[in-house]
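Heads up, the thing below is written out as structure tokens.
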Amino acid sequence: MADDMNNTPGEVPESEGLPEDLKRLLARAESDDEGTDVYVEDEGDEEEEDDGELEESFGEVDRGEAAGEDINGGSLQISEFGREMRQSFIEYSMSVITARALPDVRDGLKPVHRRILYAMNESGIYPNRPHKKSAWTVGEVIGKYHPHGDSAVYDTMVRLAQWFSMRTPLIDGHGNFGNIDGDSAAAMRYTESRLARPAMELLRDLQKDTVDWQPNYDESLAEPQVLPARFPNLLVNGSSGIAVGMATNIPPHNLGEAIEATCYLIDHPDATVDELMQVMPGPDFPTGAVIMGSDGIRKAYETGRGSITVRAKAHVESTKTGRNRLVFTEIPYQVNKGTLQEKIAQLVNEKRIEGISDMRDESTQKGIRLVIELKKGVIPQVVLNNLYKFTSLQTTFGVNNLALVNGVPKCLSLPEMLHHYIDHQVDVVTRRTRYDLKKAQARAHILEGYLLALDHIDEVIHIIRSSQTDSEASQRLIERFGFTPEQTNAILEMKLRRLTGLERDKIEEELAGLRRAIAYYEDLLAHEEKILGVIKDEMREIAKKYADKRRTEIAAAEKDLDVEDLIADEDMVVTITHTGYVKRIPVAAYRSQKRGGKGVSGVNLKEDDVISEMFIASTHEYVLFFSNRGKVYRLKVHELPIGTRQARGTAIVNLLPFEEGEKIASVISCREFPDDEYLLFATKQGMVKKTVMSAYDRSRRDGIIAINLKAGDALLDVRRVREGDKVIMATTAGKAIVFDEDQVRATGRDTSGVRGITMKDDATVLGMEISNGKGDLFVITELGFGKRTPVADYPTQNRGGQGVYTIQMTAKKGQLAAMKTVGPQHELFIITEGATVIRVKSTDISETGRATQGVKILTVADGDRVTAVARMTSAKKKPKARAVAEGQEALDLGAAGEPEDDRVDIGAADEALEDLIDE
């Protein structure tokens, strides 16, 4: 020490055993302390050190040889820093990959999940016992098996209990375990938990040496390397985790479907993904929602990687005020409902989404219900598409089927995952059977000793009594009877009551049962196909206990949701005016009234406009618009603008690309286009054409040709027709013809048809009706004279004739204005150009002969005339109506005290609008 203190500042103390680089560092440090500049020659200044110099300076590259001692007396190992970091990071990475972040392909669990379930099982926190404090369980897991933070263990435990995180929860939580709004669970000291019943199937047979064991972190206890997992938990509950350089994201599936897919692969080891998808069509998320298309599912099942588009399930509801609301009842998996609402509010405030007036959460314990109120006149599907585009109401689930196979991470296809699970189950059942066989053989061996001892009980007792010690007695019994040490120990411990004759019978009975069990176990071990059968039977028993219905729907193709999936299937009153204004109104918007009542305000019509079509159709039905030019356009009912009772509607030219002078001639509503039904066309000049309905199951923006019209002709009417129907055509001259529909042969879509009725002078076809030969034909003239005559009174003629008179025509009656076939269940709306309407039951109109005068149905004001008749089904319960007599007063809205404007009252038909017919 004295020598060191006497050294000059420029000298470096000699330290034996220190590397040269450390000597240089010490020299520089001392020179800095003395405040003098001392130059120490660095051989590396002239040229770079070669590998030999590097090794000489730093010792061995990997772990180095001891080059000195630290202050605690330990040896120092010198290593190159970069290589040390690389080696340490690799070790850390492998620890995270194999022992923390990735699930095992056999039981689908990460180590922390497995340790939680095992610790609860060892502590007896079973489903049939009371809940236990979560803090106790967390402490048990940390203290014995998982030396990590308590929050990590508790968060994992919470997730295992959440219905919206696990398709089949493995822990039964009691208390606040969080919710789908993102609220965290209560502290572990407040909550309680126990194993859920499905978790017991993962732990079943654990005590029967079915899996391998490993020491815990301090080697004081043993823990299972994997659980028996009697159902494919990796598929059922999925998994997600981020390791080092890799991640896993496996979607959950339906328990019953996953088990059936496993059984199918057992029976068909070479099954393809398409075959497995017939049993298990795709993931089944606990929050439901809709998977758009199966292509992403198929790719994920085939390669282990894929992308699945998931959309919230929504429908549209109509309010009493005529507005719409979007209602979401299921949201995509792992979407935070609270954050979702905040995002929607932000988009509305930033005006990135227009048309939303209010939002509220009506969710209860029964399910999710997120309601978004829309502004008046807003098209719901437009808002919905924007919500899907800008919010997590539509998400993409990136599938990455990465799991540990024999401790090695591997991306697996669906068949590979199932094959690994089946192999695990074969191993579990085989080891369980060997365990049971060993136990049965050991017990049978003891019982055989009992029986031999009972056969020589007196001698056995003599040997035991004459022996000085247990060892002597055991040795003498072995020598005398050939017992094994196990048998002699059992005999020596046998109670005297086992010597009775009844006990001997029990022993023989037990031994016989054990021998049958031993034979079964040996046969099972000798035939692997029987082991596979046991696996299938036991899994299907699990499915019977715990499987439920699929929650997630899978759309047929990945595309934008068809609006039909978003719109409630409800009846709408569709109103079309003569000048081409269309709207739809919910049936609920009308209140029930009696005939002759004041009614409700119907349609505010512009000058000279009248109602031409009024019918009821479901929002999911198609509406075919046939124009007078012979073209057909197609829309869904829900695509029509919704309006109020007073609203005139939207001009059809804003919905359909009509040409100048083109207008609606007829409207057909239908849900399907069957091949056994036909459409019959009638033109103003008396031509008819029949074409199969399926020919019109297509649509184009600018419409398609429905009928090829001749010069000067116009399409007048289109009706659905079936085999055996009769066709009735009437003209403005008061004539009508009836002929069978088979007289009009079916032709293609772009054809002109054949002659239906021959007319003279300036007469034109008034309309066409289809009848089955029953019922009555109602006709009415422009000035309100009408009558009802049985269809059977009209002679059936050949197509192309002039027909017969249906009413005697006079000048005071005007021309024939409208016709309808009716039955006793029908009621009629008779509408005039002046916006008045009268509602008449068909039975209130006198039935008369074919060529008669008719009666006055309503009084038509000067300058007014009857323009249309709408037919509907009568309400089931209704007060008896007064008979309509000649001179019946028309229902004039102005006279009833309403503002005198041009409109048609359709509210009087409220109680029967559910079946308004306009075929």
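Sequence positions, counted from 1, serve as the residue numbers for this chain.
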Quiz item: Should we count CG of Asp762 as having more than 12 external heavy atoms under 6.0 Å?
Solution: no
Practice problem: Can you establish whether the number of heavy atoms outside Arg698 located under 6.0 Å from its atom CZ is more than 12? | Solution: no
Self-check item: Name of the residue among Arg671, Arg634, Arg749 meeting salt bridge (Lys or Arg N to Asp or Glu O under 4.0 Å) with Asp697
Solution: Arg634
Practice problem: Check the side chains of Tyr633 and Ser627 for a donor-acceptor pair under 3.5 angstrom, ignoring hydrogens and angles. | Solution: no
Grab the two heavy atoms, one from [X] and one from [Y], that are nearest each other, plus how far apart they are.
X: Asn628; Y: Leu709; answer: O-CD1, 3.3 Å
X: Lys820; Y: Arg719; answer: NZ-NH2, 3.9 Å
X: Arg799; Y: Val744; answer: CD-CG2, 3.8 Å
X: Met693; Y: Pro674; answer: CB-O, 3.7 Å

Practice problem: Can you spot which of Pro586, Ser669, Ser618 makes a side chain to side chain contact (heavy atoms under 4.5 Å, CB included) with Met572? | Solution: Pro586
Can a salt bridge be assigned to the pair [X] and [Y] using a cut-off of 4.0 Å between side-chain N and carboxylate O?
X: Arg629; Y: Glu662; result: no
X: Arg325; Y: Asp358; result: no
X: Glu373; Y: Arg323; result: no

Practice problem: Return each pair, listed once, that meets salt bridge (charged side-chain N to carboxylate O under 4.0 Å, His left out) where at least one residue sits in residues 615-627; pairs must be two or more places apart or across chains. | Solution: none
Practice problem: May I have all residue pairs that pass ring pair (Phe, Tyr, Trp, His ring centres under 6.0 Å) and include part of residues 680-726, sequence neighbours excluded? | Solution: Phe626-Phe681, Phe681-Tyr696
